[in-house]
Chemist: 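My questions all concern the structure below.
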Amino acid sequence: MPELPEVETVRRALQPHLTGRRILHVECHAETLRRPLDLVGRPELMGARVLELRRRAKYMLAELDSGFALLLHLGMTGRCHVDGPDVAPRPHDRVSWSLDDGRIWRLEDARKFGLAELHRLPEPGADPAILSDLGPEPLSPDFGAGYLREVCRGRRLAIKALLMDGKAVAGIGNIYASEACFRARIRPATPAGRISLARLQRLAGAVREVLVEAIDAGGTTISDFAAPDGSEGSFRTRLDVYGRDGEPCDRCREGGIRRLVIAGRSTFDCPRCQR
DNA sequence: AACACGTCCTGAGCGC
DNA sequence: TGCGCTCAGGACGTGT
């Protein structure tokens with residue numbers, strides 16, 4: 001579920017609760033998430049203070065004063081909670097971190113596609129090596145039409161699949177890839193290498209625009225996503241195409257939105273106004 | 001019972 | 001034929 005706007009929403013909500021706190025204790029309630037959990041008894045974690053919580057792509061990084069960072073990923077169904085001392089763990093809470101203010105930070109993840117790992121930081125504020133393959137942040141100056149032209153050159157891959165490739169652009173998932181293509185009036189199945197610079201310009205603008213609006217709305221909740229305070233994202237009401245197959249297109253008022261499959265994922269477009 | 005908003009791996013297919 | 005790259009498809013637990 002969570003793409004860049006949802007992860008950013010979680011990060012913003014969590015950050016004031018974690019910054020400056022010491023981690024006193026950790027418990028894992030599962031053997032493994034996407035990979036085996038290995039957090040118990042780690043000296044890099046015990047007693048460490050959280051310096052800041054930042055985001056890279058769909059990952060969150062809680063930087064610690066031990067030179068390590070807790071790398072978190074929410075997978076498809078991950079949620080974070082900051083509980084009072086008397087709140088019992090939920091059935092799918094997988095990791096609990098006890099904080100020095102008495103509260104408990106928890107990662108809930110029904111499907112266990114998420115991630116919680118310790119990684120050494122090469123220097124303060126830098127990303128761990130495990131994230132080095134990620135493409136630029138779409139809301140950073142490194143991302144734009146020029147960059148897209150470079151990364152699309154010679155590729156036959158559908159543009160929507162390229163947008164979802166974290167090595168090309170960080171943080172865009174299935175919902176916002178369809179939405180950005182709609183806003184740019186580009187068919188999501190178009191081979192990436194055959195899109196003109198002018199259209200890539202539109203696409204880069206559409207990507208930035210849809211992500212900024214979605215962050216402002218607190219993300220998109222289809223079924224699972226919720227911020228740490230339990231609130232749902234309101235961007236669902238502003239989706240133009242995602243999950244709306246069979247409905248008329250709000251832009252051209254003539255085409256019907258259809259569902260197709262690109263690179264194995266549900267994709268939505270208006271074949272009349274997206275070329 | 002099909003399908004799910006993410007990632008990782010495999011193997012087929014391609015160009016050189 | 002072989003190498004390296006690209007890409008599609010499946011696998012990964014669980015819930016609806």
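In what follows, chains carry the letters A, B, and so on, assigned in the order in which the sequence lines appear, proteins first and then strands, with residues in each chain numbered from 1. Small disclaimer: the values here were computed from a predicted structure and weren't measured.
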Chemist: Find the distance A/Leu37:CG to C/dG13:C1' and express it as a whole number of Å.
Modeler: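 A/Leu37 atom CG is separated from C/dG13 atom C1' by 14 Å.
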
Chemist: Does the aromatic ring of A/Phe113 sit over the six-membered base ring of C/dC12, closer than 5.5 Å centre to centre and tilted less than 30°?
Modeler: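 Stacking is present between C/dC12 and A/Phe113, given that their ring centres fall under 5.5 Å apart and the planes under 30°.
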
Chemist: Please pick, from B/dT7, B/dC5, C/dG13, the nucleotide with the shortest atom-to-atom distance to any side-chain atom of A/Lys112.
Modeler: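 Taking heavy atoms from C-beta onward, the closest nucleotide is C/dG13.
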
Chemist: Starting at CG of A/Leu157 and ending at P of B/dG13, how long is that distance when rounded to a whole Å?
Modeler: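 That distance rounds to 18 Å.
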
Chemist: Could you tell me how far apart A/Glu3 (CD) and B/dA4 (C1') are, to the nearest whole angstrom?
Modeler: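 Roughly 13 Å, once rounded to whole Å.
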
Chemist: Knowing that exactly one of A/Arg258, A/Arg187, A/Gln274 qualifies, which makes a side-chain hydrogen bond (donor to acceptor under 3.5 Å, both in side chains) with A/Asp269?
Modeler: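 Single pass found, and it is A/Arg258.
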
Chemist: Give DNA chain C the dot-bracket treatment, 5' to 3': Watson-Crick (N1-N3 with N6-O4 or O6-N4) or G-U (N1-O2, O6-N3) under 3.5 Å, [ ] crossing, | other strand.
Modeler: .|||||||||||.|||

Chemist: What I want to find out is whether A/Glu137 reaches A/Arg56 closely enough, with some N-O distance under 4.0 Å, to be called a salt bridge.
Modeler: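 Salt bridge: yes.
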
Chemist: Can you tell me the distance, in whole Å, between the CZ atom of A/Phe268 and the P atom of B/dC3?
Modeler: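 Between P of B/dC3 and CZ of A/Phe268: 11 Å.
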
Chemist: Answer yes or no: does a side-chain N or O of A/Thr77 lie under 4.0 Å from OP1 or OP2 of B/dA4?
Modeler: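 The answer is no; no side-chain N or O of A/Thr77 sits under 4.0 Å from OP1 or OP2.
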
Chemist: Syn or anti for C/dG13, taking syn as within 90° of 0?
Modeler: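 C/dG13: syn glycosidic orientation.
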
Chemist: Around atom CZ of A/Arg194, are there more than 12 heavy atoms of other residues, nucleotides or ligands at under 6.0 Å?
Modeler: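 No, because the 6.0 Å sphere around CZ of A/Arg194 holds 12 heavy atoms or fewer from other groups.
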
Chemist: Using a cut-off of less than 4.0 Å, is there contact between a side-chain N or O of A/Tyr242 and OP1 or OP2 of B/dC5?
Modeler: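 Checking A/Tyr242 against B/dC5: at least one side-chain N or O falls below 4.0 Å of OP1 or OP2.
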
Chemist: Between B/dA4 atom C1' and A/Leu239 atom CG, what is the distance in whole Å?
Modeler: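 Rounding to the nearest Å, CG of A/Leu239 and C1' of B/dA4 are 15 Å apart.
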
Chemist: To the nearest Å, give me how far apart CZ (A/Arg35) and P (B/dT7) are.
Modeler: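 After rounding, the reported distance stands at 11 Å.
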
Chemist: State, to 0.1 Å, how close A/Leu18 and A/Val50 come at their nearest heavy-atom pair, and which atoms those are.
Modeler: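 Where A/Leu18 meets A/Val50 most closely, the heavy atoms are O-CB, 3.3 Å.
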
Chemist: Nearest of C/dT14, B/dC8, B/dC5 to any side-chain atom of A/Ile175?
Modeler: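 So the side chain of A/Ile175 is nearest to B/dC5.
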
Chemist: Identify which nucleotide among C/dT14, B/dC5, C/dA8 has an atom closest to any side-chain atom of A/Arg111, counting heavy atoms from C-beta outward.
Modeler: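 From the listed options, C/dT14 comes nearest.
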
Chemist: What's the closest nucleotide to the side chain of A/Arg155 if the choices are B/dT7, B/dC5, C/dC7?
Modeler: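 Of the options given, the side chain of A/Arg155 lies nearest C/dC7.
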
Chemist: Can you check whether any acceptor in the base of C/dG13 is under 3.5 Å from a donor in the side chain of A/Arg94, or vice versa?
Modeler: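 There is none.
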
Chemist: Any side-chain donor-acceptor pair under 3.5 Å between A/Thr220 and A/Arg236?
Modeler: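 Judged by distance alone, the side chains do not pair up.
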
Chemist: Dump the intermediate steps for side-chain contact (heavy atoms from CB on, under 4.5 Å) on A/Leu64 and A/Leu118, then the final yes or no.
Modeler: CA-CA 10 Å; A/Leu64 307 172; A/Leu118 277 167; 3.9 Å; yes

Chemist: Could you tell me which non-hydrogen atom of A/Phe235 sits nearest to which non-hydrogen atom of A/Ala214, and how far apart they are?
Modeler: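 Minimum heavy-atom separation between A/Phe235 and A/Ala214: CD1-CA, 3.6 Å.
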
Chemist: In whole angstrom, give the distance that lies between atom CG of A/Asn174 and atom P of C/dA8.
Modeler: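 Nearest whole value for this atom pair: 14 Å.
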
Chemist: Should the side chain of A/Arg265 and the base of B/dT7 be counted as holding a donor-acceptor pair, with the cut-off at 3.5 Å?
Modeler: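 Result: at least one qualifying N/O pair found.
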
Chemist: Hey, which of these two, A/Arg259 or A/Arg156, hits DNA chain B nearer its 5' end, going by closest nucleotide?
Modeler: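 Between the two, 5'-proximity favours A/Arg259.
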
Chemist: Expressed in angstrom and rounded to an integer, what is the separation of A/Arg34 atom CZ from C/dA11 atom P?
Modeler: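 Roughly 19 Å, once rounded to whole Å.
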
Chemist: Starting from the C-alpha separation in whole Å, work towards a yes-or-no answer on side-chain contact (heavy atoms from CB on, under 4.5 Å) for A/Leu148 and A/Phe143.
Modeler: CA-CA 7 Å; A/Leu148 274 182; A/Phe143 174 79; 3.9 Å; yes

Chemist: Taking only side-chain N and O atoms of A/His73, does any of them lie within less than 4.0 angstrom of OP1 or OP2 on B/dG6?
Modeler: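 No, outside the criterion.
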
